[in-house]
Structure formats: structure tokens, C-alpha cells
Amino acid sequence: MSKFYITTPIYYVNAPPHLGHAITSVLADIVARYHRLSGKEVFFLTGTDEHGAKILRASEKAGREVSSFVVEIRESFRNLSPALNLSNDDFIYTPDKKRHWPGAQKLWQKLKEAGDIYKGKYKGLYCVGHEAFVTEKDLVGGKCADHDEKPQLIEEENYFFRLSKYTAEIKRRIESKELLILPESRRNEVLALMGEGLKDVSFSRPSQDISWGIPVPGDESQTMYVWCDALSNYISALGYGSEDETKFLKFWPADIHFIGKDILRFHAAIWPGMLLSAGLLLPRELVVTGMIQVGGRKMSKTLGNVADPFELVEHFGADAVRYYLSREVPVFDDGDFTQEKFSQAYEGNLVNGLGNYVQRISTMVRNYFDSRLEKPAEEEILKAPLKKGEVEYVSVPYFIEKIVFPEYKKTMDNLELNRASDAVFGLLKELDGYVQHYEPFHLIETDKEKTRVVLWNLAYGAVSLAWFLAPFLPQTSDKIFDIFGVVGKPQSEWNTFVVKEHKALFPRKL
RNA sequence: CGCGGGGUGGAGGAGUAGUACCUCGGGGGGCUCAUAACCCCCAGGCGCCGGUGCAAUUCCGGCCCCCGCAACCA
């Protein structure tokens with residue numbers, strides 16, 4: 001059985017999860033489920049990034065001990081899994097001394113042994129109020145936004161990682177697609193960056209400035225900066241650096257790192273550089289998602305337009321949120337969220353579309369055939385074909401197998417999840433049209449046998465929809481299998497359908 | 001000249017060198033199994049200016065506008 005290792009980023013715990021985190025996790029989950037369903041041994045990792053000066057300052061501001069301060073937000077990220085039905089196999093967090101630190105420190109050690117760690121001077125803008133370095137972004141009009149003070153340009157000694165040394169090799173891996181970056185435009189962006197040559201990166205800070213972090217092995221006076229601390233989660237979670245590296249040996253390299261475009265540079269430059277230095281394999285693929293905006297604007301706490309995934313789930317259910325995030329928002333481009341768009345998508349495609357379809361078919365089967373439909377003979381099935389265009393006639397199962405499935409598989413394999421979803425909902429549209437064409441609700445009065453064929457095809461269609469949607473809408477998919485009495489049955493055994501009475505799959509919201 | 005992505009009917013999206021597609025909304029018709037759902041038809045569009053081509057929304061150049069990134073916001 002082949003393995004498949006997929007990760008989300010580890011999320012920074014400076015605030016509870018918002019829809020942007022949810023979308024990355026949901027997309028990764030859909031891919032994880034898809035590969036699991038196609039028979040691979042999948043390891044799906046998510047987690048949180050909890051170290052750093054920002055977090056320490058936030059905890060101090062709240063008058064809390066930092067180690068307990070982060071737990072709350074960590075737990076809210078962990079709760080994304082039950083809320084959104086994420087199938088992650090593990091959850092890693094950076095302050096975990098037992099599970100994470102050994103891996104991070106071993107990795108550091110490897111880089112050091114490779115001669116790629118050296119002491120250097122870091123020059124930066126230091127804000128006295130923050131007692132830390134700030135970036136240009138923290139400034140408003142040259143002054144620190146929080147303290148209204150002008151930061152000072154100061155120097156301090158810390159460790160650097162010789163990233164520059166690996167520019168050519170990283171570039172080669174990306175160009176040759178040994179390290180595949182999707183979509184193409186992101187790949188180009190990174191390659192353009194490589195063209196300028198990568199600079200060495202600051203890799204640690206004096207621990208007096210940042211005590212909240214992982215100590216540099218062999219030099220307690222320094223704390224690891226984010227790179228080695230956070231990026232190493234992808235291997236520490238597999239046991240790298242621990243006594244038992246079985247999982248690491250089995251699952252590394254990652255088949256896919258799902259990331260947002262905002263952290264592309266770290267994942268396309270620094271992370272591969274570190275892995276090369278340590279003599280480890282590079283991930284096969286970086287999948288770079290767009291950002292989800294709210295009402296056309298970037299989500300921000302200042303604007304007060306942060307969309308809360310938990311609220312949405314509570315109101316609409318996990319599958320509705322998963323639906324929106326995977327279909328109504330493009331995977332690779334920026335998307336937009338508004339309450340109105342969400343409701344519209346919910347009403348249109350889930351309530352009126354999928355929910356209504358399942359309802360009308362199951363009702364007819366119950367009313368006309370006492371809830372039970374035996375599979376008609378093949379030649380009978382051909383007598384109620386699906387009309388495609390003007391002249392082409394195919395049976396429903398044939399259409400699903402030869403037209404829908406290949407399109408679904410192709411787009412899923414290319415991670416064009418919204419297009420795969422399009423293919424499935426396109427099938428739904430065909431099936432609704434098929435109902436209208438044969439009018440089983442009339443046909444039953446004149447030709448019961450043909451009605452049986454028509455309804456059997458429609459039930460087969462419903463179950464097929466459930467099969468296709470399993471990675472996207474796992475709960476709904478299970479419900480549909482249950483309604484048609486084929487829970488746990490492979491496609492080859494979708495012969496007799498025994499239909500149950502059921503509640504609306506997607507209740508209408510007022 | 002820091003880097004990059006965009007501008008497609010009322011709205012949101014897809015797409016292509018040659019009849020431009022989908023969803024929602026608007027107008028009309030049909031059906032009644034279904035969660036006032038479903039099916040069919042109609043109106044309306046490729047930011048601006050040049051260039052290359054038999055042909056450009058699609059390729060090239062310029063302009064206008066919007067938006068990201070710029071080394072710890074998915």
C-alpha cells in the first residue's frame with residue numbers, strides 16, 4: 001500500500017481560527033480523504049505554531065503565564081477538527097517538549113554539522129516598548145504602531161543559516177519539478193525570487209529577548225527563530241529526532257504541504273534549504289492556496305470583518321461550510337466570503353439541488369415500490385437512456401462511469417477541487433433533467449416496469465453522487481448511502497436499494 | 001523602473017486564435033415526485049488604445065484601474 005503524507009501549515013496562535021485557516025484545513029482534508037478512499041495509507045497532519053515574541057507579549061498583556069495562555073487558542077484550533085469533520089491523524093504544537101523539541105533540535109544539529117550555521121550580526125529596528133525587533137509593517141509613519149515611538153536601528157549577535165549556499169540547488173529542484181509548486185503562477189513567482197539569489201537568514205535570537213521558544217542546542221543564550229522552530233514540525237510530528245523514527249522513515253517526504261500564499265517563500269526557499277543542508281528529502285509538492293477575503297477585503301481584526309468558522313458550522317453544519325470552501329472559493333486564487341453568498345450557495349446547491357433531489361427520489365421509491373428496488377436487467381436499463389444533446393443516448397450508469405468519473409478523477413488528481421465538485425453537481429443537474437424527461441410520477445400509472453428502471457437509475461445516481469462527494473461532504477455522503485441502504489457496499493454491489501424515510505438533508509434556513 | 005496577480009453580461013466565476021460557458025438575479029413557459037423545490041426558453045458581456053494574423057476576448061506593446069507580496073497573518 002502506498003503512503004501519502006499531507007500537511008496543513010501550523011497555525012500561529014495569536015488569535016483564534018478564522019475562515020482562512022478553515023479553508024486550508026478543509027482543502028487538505030478533502031485531499032486526504034480522497035487518497036484514503038483510493039486505498040493509500042494517509043497521514044494527515046495539522047497543528048499550531050506557538051512560540052515567539054508576539055505571543056509572549058500578548059500573554060504578558062493579558063497578565064497570563066504564556067504556557068497556559070497558548071493552550072486556549074491551541075484548543076480552539078484543535079476544535080476545528082470535530083467542527084469541520086477534519087480527518088487529521090495528528091496534531092502537533094511547538095511548545096511540546098517531548099514531541100516537537102527533539103526534532104527541531106536534531107534538525108538544527110544537522111545544519112550545524114553541515115557547517116551551515118554561523119554567528120553573525122543581525123541589524124534591525126528595535127522598539128523599546130516591545131523590547132523586541134519590529135518590522136516595517138509594524139510601523140505607522142516611521143513609528144511603532146503600538147507604542148508611538150520611533151524604533152532604533154541596533155545590532156545584535158545571533159546565528160545565521162547559510163541559505164544562500166542552496167539557491168542553485170533549490171532552484172534546480174523547482175525547475176525540474178522534483179519539488180512541484182502549484183499553481184504555475186506561484187512557481188514562477190518563486191523562481192523569480194531565486195533569480196535574485198537567496199540571502200542567509202537570521203536563525204536565532206538572544207534568549208533574553210525571546211525566552212519563549214526552543215533553546216539553541218549547545219548555546220542556551222540563544223533561542224531558535226521561527227524557521228527551525230516551526231518548519232521542523234513537519235518532521236518532528238513523525239518522530240524525527242525521537243527514539244522511534246519509524247513513522248518518519250515511512251512517511252517522509254511529504255507528498256503535499258498545503259500552504260497559503262503568504263507563507264510560500266518560507267516553504268519554497270528556507271524549508272528546502274534546511275532539508276538539503278540536513279541531507280533529507282524535499283517535499284514533493286507545495287500547494288499554494290489563495291486567500292479568502294470577506295466582502296472583498298482582507299480579513300483583519302481592525303476591520304472587524306473576521307469570519308468565524310465555528311459560527312458558520314453551528315448555523316449551517318460542517319458539510320455546508322466544507323461545500324462553500326471547496327466549491328464556491330477557487331483553490332488557487334483569492335476567494336470572497338459574504339454571509340449572503342454563503343446563504344445563496346447553501347440554498348441553491350445544497351437545499352434546492354442535492355437535498356431536494358435525494359428527497360424526491362426516495363419519496364417515489366417509497367410510494368411506488370414499497371421502498372425496495374431490485375436492479376433491472378441490463379437490457380432494460382438501456383431502454384431508459386439519459387439523453388445527451390440531440391442524438392447521443394447513454395445509460396445512467398454508463399454516463400457516470402465514462403463521462404463523470406474520468407472528469408472527477410482528473411480534476412481531483414490535479415487538485416482542482418472546485419472543478420471536481422462542478423462535475424458532480426453537473427451530474428446532479430443531468431439527473432434532475434432525467435426525472436423531468438421520464439416523469440416517473442406519471443409513468444407509474446401506465447408502465448410500472450419502466451418506472452422501476454427509471455427510478456433505479458435515479459437511485460443509482462443518488463448513490464453515485466454520495467460516492468463522489470464523500471471527500472467533500474462526508475456526513476451527507478454517509479446519510480445518502482444510509483437512505484438508499486448501501487452503507488459499506490462497494491459500487492459493484494449497488495444492486496438493490498432499500499430506501500428509508502429521512503429528514504431533509506439540508507433544511508432551509510430563513 | 002522592487003516582485004506578482006487581476007479587469008468577461010446586473011452580481012460572482014470559468015474559458016478560448018474562429019458559433020464565448022456556468023451559477024445567482026430578471027422575463028416567459030412547463031411540471032407537480034420533491035425542502036414554493038425541478039425542467040425548458042429569452043434578454044444582456046470579453047477595461048481603453050494601438051500592433052501582428054484571413055481571423056484577437058484570447059498573442060504583442062502602451063495606458064487606465066483594482067489587488068496582493070516585500071523574509072513569523074492560511
Side-chain angles (χ1 to χ4, degrees), chain A residues 8-12 14-15 17-28 46 49 51-55 135-137 163 183 185-186 188-190 192-193 195-196 198-199 201-202 225-227 229-231 258-266 269-270 288-293 296-301 327-330 332-336 338 340-341 344-345 347-368 416 418-419 422 425-426 428-429 431-437 439-444 451 455 458 503-509:
Chain A
T8 73
I10 49 173
Y11 303 112
Y12 204 51
N14 58 344
H18 55 60
L19 210 56
H21 303 104
I23 190 172
T24 313
S25 286
V26 165
L27 295 177
T46 187
D49 172 13
H51 287 140
K54 267 189 197 169
I55 300 296
T135 63
E136 296 284 344
K137 269 202 229 170
L163 180 60
S185 54
R186 295 295 165 205
N188 294 339
E189 190 180 325
V190 167
L193 196 77
E196 299 163 15
L198 298 169
K199 292 179 196 146
V201 288
S202 172
Y225 193 50
V226 62
W227 314 124
D229 180 335
L231 290 167
F258 251 91
I259 56 174
K261 67 178 186 182
D262 50 341
I263 53 172
L264 170 60
R265 292 177 173 214
F266 326 139
I270 300 176
V288 188
T289 64
M291 311 297 271
I292 186 163
Q293 306 193 330
R297 307 198 63 170
K298 195 170 169 174
M299 262 187 272
S300 88
K301 278 196 282 188
R327 178 149 194 244
E328 302 294 321
V329 180
F332 296 124
D333 292 310
D334 290 353
D336 192 39
T338 64
E340 199 190 352
K341 279 184 190 171
Q344 218 169 56
E347 294 284 330
N349 296 104
L350 297 180
V351 177
N352 299 344
L354 187 57
N356 180 59
Y357 176 77
V358 169
Q359 186 93 299
R360 65 198 302 216
I361 303 312
S362 73
T363 301
M364 284 190 275
V365 177
R366 276 186 284 116
N367 293 346
Y368 307 155
E416 297 169 299
N418 49 342
R419 308 191 72 171
D422 284 347
F425 279 85
L428 173 61
K429 178 116 177 136
L431 293 168
D432 266 328
Y434 185 85
V435 174
Q436 193 61 32
H437 182 72
E439 301 188 314
F441 39 87
H442 280 154
L443 194 60
I444 186 65
T451 309
L455 277 180
L458 289 168
K503 287 183 191 159
L505 250 34
F506 298 98
R508 196 167 289 281
K509 305 284 177 187

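In what follows, chains are A, B, ... by sequence order, proteins preceding strands, each numbered from 1.
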Could you state the atom-to-atom distance from OH of A/Tyr434 to C1' of B/C33 in whole Å? 15 Å
Describe, in one word, how the ring planes of A/His21 and A/His18 are oriented to each other, choosing from parallel (under 30°), tilted (30 to 60°) and perpendicular (over 60°). tilted
With a non-hydrogen cut-off below 4.0 angstrom, is A/Gln359 in contact with a base, only sugar-phosphate, or nothing? base
Search all heavy atoms of A/Lys54 against all heavy atoms of A/Tyr12 and return the closest pair with its distance. CB-OH, 3.7 Å
Between A/Tyr11 and A/Thr24: side-chain donor-acceptor atoms closer than 3.5 Å: no
Using atom C1' in both nucleotides, what's the gap between B/U52 and B/C59 to the nearest angstrom? 8 Å
Among B/A37, B/A71, B/U35, which nucleotide has an atom closest to any side-chain atom of A/Ile270? B/A71
Suppose we define a pair by two distances each less than 3.5 Å, Watson-Crick or G-U wobble; what does B/C38 pair with here? B/G30
Test side-chain contact (heavy atoms from CB on, under 4.5 Å), reference A/Tyr357, set A/Leu431, A/Leu505, A/Asn352, output is A/Leu431
Within this structure, what is the CG-to-P distance between A/Asp432 and B/C31, rounded to whole angstrom? 18 Å
Where the side chain of A/Tyr11 is concerned, which of B/A36, B/U32, B/A74 is the nearest nucleotide? B/A74
Touch class at under 4.0 angstrom, heavy-atom based, for A/Lys199 against every strand present: base
Could you tell me how far apart A/Leu428 (CG) and B/A34 (C1') are, to the nearest whole angstrom? 13 Å
Between B/C72, B/C31, B/A74, which one does the side chain of A/Trp227 approach most closely? B/C72
Opposite nucleotide pairing with B/C69, Watson-Crick or G-U, both atom distances under 3.5 Å: B/G2
By the 4.0 Å heavy-atom rule, please label A/Leu505 as base, sugar-phosphate, or nothing. base
Touch check for A/Pro440, heavy atoms < 4.0 angstrom, all strands: base, sugar-phosphate only, or nothing? nothing
Which distance, rounded to the nearest 0.5 Å, do you find between the CZ of A/Arg265 and the CD1 of A/Ile270? 10.0 Å
What does A/Gly355 touch in the nucleic acid at a heavy-atom separation under 4.0 angstrom: a base, only the sugar-phosphate, or nothing? base
Remember a base hit wins even if backbone is also touched, and classify A/Phe506 as base, sugar-phosphate or nothing at under 4.0 Å, heavy atoms. base
Measure from the side-chain heavy atoms of A/Lys54 and tell me the nearest of B/C73, B/A34, B/U35. B/C73
What is the distance, to the nearest angstrom, from the CZ atom on A/Arg186 to the C1' atom on B/C69? 8 Å
When the C1' atoms of B/C3 and B/A71 are compared, how many Å lie between them, rounded to an integer? 13 Å
Can you tell me if A/Thr46 uses its side chain to pair, donor with acceptor, with the backbone of A/Ile10 under 3.5 Å? no
Select one nucleotide: of B/C24, B/C72, B/A34, the one nearest the side-chain heavy atoms of A/Val226. B/C72
What form does the base of B/G53 take, syn (within 90° of 0) or anti? syn
With rounding to the closest Å, how many angstrom separate the P atoms on B/G50 and B/A55? 16 Å
Can you check the A/Ile263 CD1 to B/A74 P distance for me, whole Å? 6 Å
Quantified in whole Å, what is the C1' atom distance between nucleotide B/U23 and nucleotide B/U32? 25 Å
Closest-nucleotide 5' rank along RNA chain B - winner of A/Arg265 and A/Leu350: A/Leu350
Any heavy-atom pair between the side chains of A/Arg327 and A/Asp422 that's under 4.5 Å? yes
Expressed in whole Å, how much space separates the P atoms belonging to B/U57 and B/C46? 9 Å
Looking for any heavy atom pair under 4.0 Å, which part of the strands does A/Lys429 touch: base, sugar-phosphate only, or nothing? sugar-phosphate
Please work out if A/Asn356 contacts a base, only the sugar-phosphate, or nothing of the nucleic acid, heavy-atom cut-off 4.0 Å. base
Considering only side-chain heavy atoms of A/His442, which listed nucleotide, B/C31, B/C33, B/C72, is closest? B/C31
With a non-hydrogen cut-off below 4.0 angstrom, is A/Ala230 in contact with a base, only sugar-phosphate, or nothing? nothing
Which part of the nucleic acid, if any, lies within contact of A/Tyr12, taking any heavy atom under 4.0 Å across all strands shown: a base, the sugar-phosphate backbone alone, or nothing? base
Can you tell me the distance, in whole Å, between the CD atom of A/Glu439 and the P atom of B/G30? 14 Å
Go through B/A74, B/A36, B/C31 for me and flag the one nearest to the A/Arg508 side chain. B/A36
Assign A/His51 to base, sugar-phosphate, or nothing according to its heavy-atom contacts below 4.0 angstrom with the strands shown. nothing
What integer distance in Å separates A/His21:NE2 from B/C73:C1'? 7 Å
So, for A/Thr451 and A/Pro440, which heavy atoms are closest and what is the spacing to 0.1 Å? CG2-O, 3.8 Å
Phosphate-side-chain proximity, A/Tyr225 and B/C72, N/O vs OP1/OP2 below 4.0 Å: yes
Which whole number of Å gives the distance between the C1' atom of B/G25 and that of B/G9? 12 Å
Residue matched to B/G18 through Watson-Crick or wobble contacts both under 3.5 angstrom: B/C54
Output the rounded distance in Å from CD (A/Gln436) to P (B/C41). 12 Å
Which value, in whole Å, describes the distance between the C1' atoms of nucleotides B/A34 and B/C48? 50 Å
For A/Leu350 and A/Phe506 the tightest heavy-atom approach is O-CD1, 3.4 Å
Please pick, from B/C33, B/C72, B/C31, the nucleotide with the shortest atom-to-atom distance to any side-chain atom of A/Asp49. B/C72
B/A70 to B/G62 separation - C1' atoms, rounded to the nearest Å: 27 Å
Between A/Lys503 and A/Arg327, whichever has its closest RNA chain B nucleotide further toward 5' is A/Arg327
